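All remarks here apply to the structure that follows.
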Amino acid sequence: MSAVTTITFSAGDAGHWHIERVMPVIGETLPGAARLAIDDTPHRTAASDWALRGVISNHRYTQAAELGELRSVSPSLSRPEARCAALIPIRKSPEWWGLAQDERRAIFEEQSGHIAKSMKYLPAIARRLHHSRDLGEPFDFLTWFEYAPEHEPAFDALLIELRASAEWRYVDREVDIRLKSAVD
């Protein structure tokens, strides 16, 4: 993998994932669609109902010890048992982006415990963060999660914890897209 990899999530009639529901959490939703395809090219699919792009790049807001711990317990994506997924696009407010990096880090972890809260759900839930803000996309972050069906209650509990944190006061748009594997 190169230093920066662009991933495109395209909703339409084709793709590995059945879209079970598209639910607005904060702000405007996205249109419903039947399937979701994930492609590691920066191009949007012309036949899609909507497409979102993000890049996989360096870790941000994560200290070395946290990164080491995350890497030691984080599962890989595409595990056969992980037949459920969620794509959660998030946009943060201009107030968030007006803060200095250290101020954002303090809210992200010291106040909100984002990494600490997430650790207790590993390795049941796999995740990958995609950065979209610098691409001119409608969301700042696209978070992709995969988990086995029996871990859906744990995933929902994680979301409740994160959405109740100080960090989420700065979220002004969030959509929760739930998916099931189209391949058994």
Side-chain angles (χ1 to χ4, degrees), residues 7 9 11 15-33 35-36 38 50 52-56 59-62 66-67 69-71 73-79 81-93 95-97 99 104-133 137-182:
I7 303 294
F9 296 90
H16 175 82
W17 296 95
H18 285 292
I19 297 175
E20 298 285 311
R21 73 176 191 253
V22 177
M23 184 176 67
V25 179
I26 300 170
E28 182 183 346
T29 192
L30 289 167
R35 301 291 269 287
L36 184 77
I38 304 170
W50 52 262
L52 300 172
R53 294 177 310 138
V55 296
I56 304 166
H59 293 272
R60 301 165 194 173
Y61 311 130
T62 308
E66 294 163 339
L67 187 56
E69 189 175 0
L70 282 167
R71 285 182 173 154
V73 295
S74 292
S76 63
L77 295 175
S78 302
R79 297 170 295 156
E81 70 274 15
R83 296 184 319 274
C84 297
L87 173 62
I88 302 185
I90 293 172
R91 182 181 69 208
K92 291 198 174 170
S93 68
E95 292 79 20
W96 173 263
W97 295 109
L99 298 170
R104 292 194 303 265
R105 162 64 194 190
I107 294 166
F108 175 80
E109 191 55 31
E110 282 77 27
Q111 292 178 33
S112 299
H114 190 113
I115 297 168
K117 287 175 182 171
S118 300
M119 289 295 293
K120 63 185 171 187
Y121 296 98
L122 299 175
I125 300 166
R127 65 169 280 290
R128 184 171 64 199
L129 182 66
H130 308 83
H131 298 271
S132 300
R133 180 174 168 77
E137 291 289 306
F139 295 94
D140 297 324
F141 307 101
L142 309 174
T143 307
W144 177 255
F145 300 93
E146 293 179 4
Y147 48 91
E150 63 269 19
H151 294 131
E152 188 164 24
F155 178 68
D156 290 335
L158 169 62
L159 292 180
I160 288 167
E161 284 190 60
L162 292 175
R163 289 174 178 152
S165 72
E167 179 188 358
W168 250 253
R169 292 187 312 231
Y170 295 92
V171 173
D172 67 10
R173 187 174 181 200
E174 178 184 1
V175 180
D176 187 335
I177 304 160
R178 298 296 176 100
L179 309 112
K180 298 270 191 232
S181 176

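Just so we're clear, the structure is a prediction, and the values are computed from it rather than from any experiment.
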Tell me whether Thr143 contacts the main-chain N or O of Leu129 through its side chain, where contact means a donor paired with an acceptor under 3.5 Å.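 No, Thr143 side chain to Leu129 backbone: no donor-acceptor pair under 3.5 Å.
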
Name the orientation class of the two ring planes belonging to Trp17 and Trp144 (parallel below 30°, tilted from 30 to 60°, perpendicular beyond 60°).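 Because their plane-to-plane angle is over 60°, the rings of Trp17 and Trp144 count as perpendicular.
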
Quick one: sort the His131 and Phe141 rings into parallel, tilted or perpendicular, breaks at 30° and 60°.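 Judged by the thresholds at 30° and 60°, the geometry between His131 and Phe141 is perpendicular.
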
Can you name the closest pair of heavy atoms from [X] and [Y] and give their distance?
| X | Y | result |
| --- | --- | --- |
| Lys180 | Cys84 | NZ-SG, 3.4 Å |
| Ala33 | Ile19 | O-CB, 3.4 Å |
| Phe155 | Ile125 | CA-CD1, 3.5 Å |
| Arg91 | Pro138 | CD-O, 3.6 Å |
| Ser165 | Lys117 | CB-NZ, 3.9 Å |
| Ala124 | Tyr147 | O-CB, 3.8 Å |

Once you round to the nearest 0.5 Å, how far does [atom1] of [X] lie from [atom2] of [Y]?
| X | Y | atom1 | atom2 | value |
| --- | --- | --- | --- | --- |
| His18 | Leu36 | NE2 | CG | 12.0 Å |
| Leu77 | Arg79 | CG | CZ | 8.0 Å |
| Glu146 | Glu81 | CD | CD | 10.0 Å |
| Ile115 | Leu122 | CD1 | CG | 11.0 Å |
| Asp176 | Ile26 | CG | CD1 | 11.5 Å |

In a check of side-chain contact (heavy atoms from CB on, under 4.5 Å) between Lys92 and each of Arg104, Glu167, Arg173, which one passes?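 In the set Arg104, Glu167, Arg173, the residue that makes a side-chain contact (heavy atoms from CB on, under 4.5 Å) with Lys92 is Glu167.
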
Student check: side-chain heavy atoms of [X] and [Y] closer than 4.5 Å:
| X | Y | value |
| --- | --- | --- |
| Val22 | Pro31 | no |
| Arg83 | Pro149 | yes |
| Trp96 | Ile107 | yes |
| His114 | Leu162 | yes |
| Leu99 | Tyr170 | yes |
| Ser132 | Arg53 | no |
| Leu158 | Arg127 | no |
| Ile38 | Leu87 | no |

Pairing of Arg178 and Glu20 as salt bridge, 4.0 angstrom limit: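 No, no charged N to carboxylate O under 4.0 Å.
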
Does the pair Ile7 and Leu142 meet the rule for a side chain to side chain contact (heavy atoms under 4.5 Å, CB included), with working shown? CA-CA 10 Å; Ile7 303 294; Leu142 309 174; over 6 Å; no

Side chain to side chain contact (heavy atoms under 4.5 Å, CB included) for Val25 and Trp168? Distances and angles first, verdict last. CA-CA 11 Å; Val25 179; Trp168 250 253; 5.8 Å; no

Evaluate side chain to side chain contact (heavy atoms under 4.5 Å, CB included) for Glu137 paired with Leu52, printing each intermediate quantity in order. CA-CA 7 Å; Glu137 291 289 306; Leu52 300 172; 4.2 Å; yes

Consider only side-chain N and O atoms of Asp140 and Trp97, and report whether a donor and an acceptor are under 3.5 Å apart.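 Yes, side-chain donor-acceptor contact under 3.5 Å.
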
Answer with yes or no whether the side chains of Arg128 and His130 bring together a donor and an acceptor at under 3.5 Å.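 His130 vs Arg128: donor-acceptor pair found between side chains.
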
Begin with the C-alpha distance, continue with both residues' side-chain angles, and end with the deciding distance and a verdict on side chain to side chain contact (heavy atoms under 4.5 Å, CB included) for Glu161 and Tyr121. CA-CA 11 Å; Glu161 284 190 60; Tyr121 296 98; 2.5 Å; yes

